[in-house]
Asker: 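Quick one: the structure is below, questions incoming.
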Amino acid sequence: MKVVNALTEEVRVRYAPSPTGFLHIGNARTAIFNYLFARHAGGKFIIRIEDTDQKRNVDGGEESQLKFLKWLGLEWDESVDVGGEYGPYRQMERLAIYKKYWQELLDKGLAYKCYCTPEELKAEREAQMASGQTPGYSGKCRHLTAEQIAQYEAEGRKPTIRFRIPDDQKIEFDDIVKGHLTFDSNDVTDFVIVKQNGVPTYNFAVVIDDHLMKMTHVLRGEEHISNTPKQILLFRAFGWKPPVFGHMTLIVNENHKKLSKRDNSIVQFIEQYKNMGFLPEALFNFITLLGWSPKGEEEIFTRDEFIKQFDANRLSKSPAMFDKSKLEWMNGQYIKKLSEEDYLALTLPHMIHAGLIPEEMTAEQRRWASRVALLYQEQLHYGADIVNLCDMFFNKDIEKAELTKGEKKILEGEQVNDVLTVFDRELRSLSEWTAEAIAPKIKVTQKETKQRGWKLYMPIRVIATGSEHGPELPEALELIGRDLVLKRLEHYLSAQQTV
RNA sequence: AGGGCGUUGGGCAAGUGGUUAAGCCAAUGGAUUCUCAUUCCAUGAUCGCGGGUUCAAUUCCCGUACGCCCUCCCA
């Protein structure tokens, strides 16, 4: 029964960002769900730019939206860049279209001009709040006489146009995620559909566009639930059939507040994640699991798998908190699967950026840096993470300035001197400085000193690498280099002797 | 204030009128390992609260608390 009738109606959905900011987590999720919904149904995914708030539009907002959507792996069928038969796809280029429709409403008496100034409205609202009333437009200009209108016009006032909300109407619709929703038109006040400057408001333009662009479904954030009755009333006024609505839960921050662009408690722009070295596939995967869950227990999916099993009925009803640690874990899962080449392309630039390695490297330098980076593929969470992880390979100190508690404990062992003396001697006899050659020398040290495990390795590690933690010892020593390792051992041992 | 939506362990979240209430992340403990990491094992919820319907409710109904969203000439 829920089968879409492909013969009569092709699924058409849209992502409709306003270019008031760059692409962030919330935007991306809306876009992804619409994309998944369209592709799953074999329908069309459209991107429409809602730029009617010229004051808030920011330069580069539109480009950023498209650029990072593309980076995430989305593709669309119609939009400002690829065209389409229902264009233009930028609302400010559709002004003439809107005008025809609001004029129709005006002619039919379904809308009227309102001469109230923003200041008057604001004062009205504040007065209502102060006296504990529900804030909302009073309907003051609903029945203006010709004289009053002439008077206002003479004053030079420029009107807005308001939609006349009909009384006592029940507004009901079946929301894909929330179920059956009911509203009463008496709870909705006459709202502005055309601003003073002749530009329509969101609630008006969205209805015209969704109808003209033949949208079959509207999947959007639940902050739009209370806008829906207004829009449905407009659909009715025009005698149009509304699309099927689905309101997705919000993504909230640690304080359970809706993620807003100004929220600093969380990194939320896609570009920032890209810059930190998160992979688009991982981000896509993670975002898709925010407010939606697949059927089985699996959580890592490719885009095609998501498309195949996406089911809007499994959209969650309650808000999801953005969980950074899970994102990092998931990104790590993807990093593990990276080819050596891709892994290096992800990490090396961060090492360069941090000044650890030069941008122009000799083949030799590059091989060395690559081996260092590769040491951490299993545990890397995101690209920039490499900088801290591989820290010990760039520390050239002969002696550590300050030992940690753990390191002190290690060096207190009475076997330490023995172990290091033997190991030092053995290393000096090496003709070839490779992990393969170094490893047997640890064994020799073990035999000779009768020390093993923690007591054998840790003193060597602390003194030779300068840290109690790190990758496998032989390879670490090889990459740190003969010179430094021997210097560190020598320095430590000579200091011991003078004591 | 009005309207709307939501509430399953720290986070995500599955699920059903009768189950030992999945799974993932995190945390903690343990095993393996020279350390970190990896890997593996283990640990924890009676389903916001109160009532009702029922032989039986986390699952249905009512109420209540809390949270959030909207009530902009923002989208």
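Just so it is clear: chains get the letters A, B, ... in the order the sequence lines come, proteins before strands, and each one is counted from 1.
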Asker: In the strands shown, is B/C60 matched to any nucleotide by a Watson-Crick or G-U wobble pair with both distances under 3.5 Å, and which?
Answerer: B/G52

Asker: Determine the sole option in A/R48, A/H217, A/Q231 for which the side chain to side chain donor-acceptor pair (under 3.5 Å) test with A/D210 is passed.
Answerer: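 Running side chain to side chain donor-acceptor pair (under 3.5 Å) over A/R48, A/H217, A/Q231 with A/D210 returns exactly one hit, A/R48.
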
Asker: Looking at A/K140, A/R142, A/K230, which hits side chain to side chain donor-acceptor pair (under 3.5 Å) with A/D190?
Answerer: A/R142

Asker: Check whether any side-chain heavy atom of A/F278 lies under 4.5 Å from a side-chain heavy atom of A/H381, and answer yes or no.
Answerer: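 When only atoms from C-beta onward are counted, A/H381 and A/F278 do not touch, as no gap falls below 4.5 Å.
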
Asker: A/T228 versus A/R220: any side-chain heavy-atom pair under 4.5 Å?
Answerer: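 The answer is yes, as the side chains (C-beta and beyond) meet within the 4.5 Å cut-off.
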
Asker: In this structure, is the centre-to-centre distance between the rings of A/F322 and A/F286 below 6.0 Å?
Answerer: yes

Asker: Paired with B/A31: which nucleotide, if any, by Watson-Crick or G-U wobble criteria at under 3.5 Å for both distances?
Answerer: B/U39

Asker: Quickly, which of A/I442, A/L479, A/T434 forms a side chain to side chain contact (heavy atoms under 4.5 Å, CB included) with A/P474? Name it, please.
Answerer: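 Result for side chain to side chain contact (heavy atoms under 4.5 Å, CB included) with A/P474: A/I442.
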
Asker: Name the nucleic acid region contacted by A/G291, choosing base, sugar-phosphate or nothing; use a 4.0 angstrom heavy-atom cut-off, strictly under.
Answerer: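 Sugar-phosphate, backbone atoms only, no base.
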
Asker: Give me the distance, rounded to whole Å, that separates B/C61 from B/G29 when you measure between the P atoms they each carry.
Answerer: 44 Å

Asker: How would nucleotides 58-75 of chain B be written as a contact map, 5' to 3', with B for base contact, S for sugar-phosphate-only contact and - for no contact, using protein heavy atoms under 4.0 Å?
Answerer: ----------SSSBBBBB

Asker: Please measure how far the C1' atom in B/U59 lies from the corresponding atom in B/U19, and state the result in whole Å.
Answerer: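 12 Å, rounded to whole Å.
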
Asker: I want to know whether A/F33 and A/F310 have ring centres closer than 6.0 Å.
Answerer: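 Centroid distance A/F33-A/F310: below 6.0 Å, so yes.
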
Asker: Expressed in angstrom and rounded to an integer, what is the separation of A/I232 atom CD1 from B/G4 atom P?
Answerer: 14 Å

Asker: Between the base of B/C5 and the side chain of A/K178, is there any donor-acceptor pair under 3.5 Å?
Answerer: no

Asker: When you match A/Q133 and A/L290 each to their closest nucleotide on RNA chain B, which lands nearer the 5' end?
Answerer: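 It is A/Q133, whose closest nucleotide lies nearer the 5' terminus.
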
Asker: Select base, sugar-phosphate, or nothing to describe what A/F183 touches, counting heavy atoms under 4.0 Å on all strands.
Answerer: sugar-phosphate

Asker: In the strands shown, is B/U16 matched to any nucleotide by a Watson-Crick or G-U wobble pair with both distances under 3.5 Å, and which?
Answerer: none

Asker: Mind listing the N/O atom pairs, protein and nucleotides 20-22 of chain B, below 3.5 Å?
Answerer:
{"from": "B/A22", "atom 1": "O2'", "to": "A/E297", "atom 2": "OE2", "distance (Å)": "3.1"}

Asker: Rounding to the closest angstrom, what is the interatomic distance between B/G17 and B/U46 at atom C1'?
Answerer: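 Going atom to atom, C1' in each nucleotide, I get 16 Å.
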
Asker: Take atom C1' in B/C49 and the same atom in B/G67, then report the distance between them in whole Å.
Answerer: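 Between the two C1' atoms, the distance is 15 Å.
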
Asker: Which base sits across from B/A26 as a Watson-Crick or G-U pair, both distances under 3.5 Å?
Answerer: none

Asker: For the C1' atoms, the ones on B/U16 and on B/U32, what distance do you get once it is rounded to whole angstrom?
Answerer: 40 Å

Asker: Using atom C1' in both nucleotides, what's the gap between B/C62 and B/A57 to the nearest angstrom?
Answerer: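 Between the two C1' atoms, the distance is 15 Å.
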
Asker: Given the P atoms of B/G18 and B/C60, what is the spacing between them in whole Å?
Answerer: 11 Å

Asker: Across all strands, who's sitting opposite B/A75 as a Watson-Crick or G-U wobble pair, both distances under 3.5 Å?
Answerer: none

Asker: Could you check if a side-chain atom of A/Y15 sits within less than 4.5 angstrom of a side-chain atom of A/S79, using non-hydrogen atoms only?
Answerer: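 They are not in contact (no side-chain heavy atoms under 4.5 Å apart), so the answer is no.
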
Asker: Distance check: side-chain N/O of A/S293 vs OP1/OP2 of B/A13, anything under 4.0 Å?
Answerer: no

Asker: Tell which nucleotide pairs with B/A45, taking only Watson-Crick or G-U wobble pairs whose two distances are both under 3.5 angstrom.
Answerer: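 Here B/A45 is not engaged in any pair, so there is no nucleotide opposite it.
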
Asker: If a protein heavy atom is under 4.0 Å from the base, mark B; if only from the sugar-phosphate, S; if neither, -; do that for nucleotides 27-40 of chain B going 5' to 3'.
Answerer: -------BBBSSS-

Asker: What is the nucleic acid contact for A/L181, judged by heavy atoms within less than 4.0 Å: base, sugar-phosphate only, or nothing?
Answerer: sugar-phosphate

Asker: Say whether A/D209 and A/Y89, considering side chains only, have a donor N or O and an acceptor N or O under 3.5 Å apart.
Answerer: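 Checked: A/D209/A/Y89 side chains show no N/O donor-acceptor pair below 3.5 Å.
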
Asker: Among A/E153, A/R157, A/K158, which one satisfies side chain to side chain donor-acceptor pair (under 3.5 Å) with A/Y115?
Answerer: A/E153

Asker: Does B/G67 have a Watson-Crick or wobble mate here (both distances under 3.5 Å), and if so which one?
Answerer: B/C5

Asker: Which atom names give the shortest non-hydrogen contact between A/L374 and A/Y343, and what distance separates them?
Answerer: CD1-CD2, 3.2 Å

Asker: Apply the ring pair (Phe, Tyr, Trp, His ring centres under 6.0 Å) test between A/F191 and each candidate in A/Y202, A/F163, A/Y112; give the one that qualifies.
Answerer: A/F163

Asker: Check every strand shown and say whether A/R452 touches a base, only sugar-phosphate, or nothing at a heavy-atom separation below 4.0 Å.
Answerer: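 No contact.
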
Asker: Are A/D175 and A/K178 ion-paired here, with the side-chain N under 4.0 Å from a carboxylate O?
Answerer: no

Asker: Please give the distance between the C1' atoms of B/C25 and B/G9 as a whole number of Å.
Answerer: 13 Å

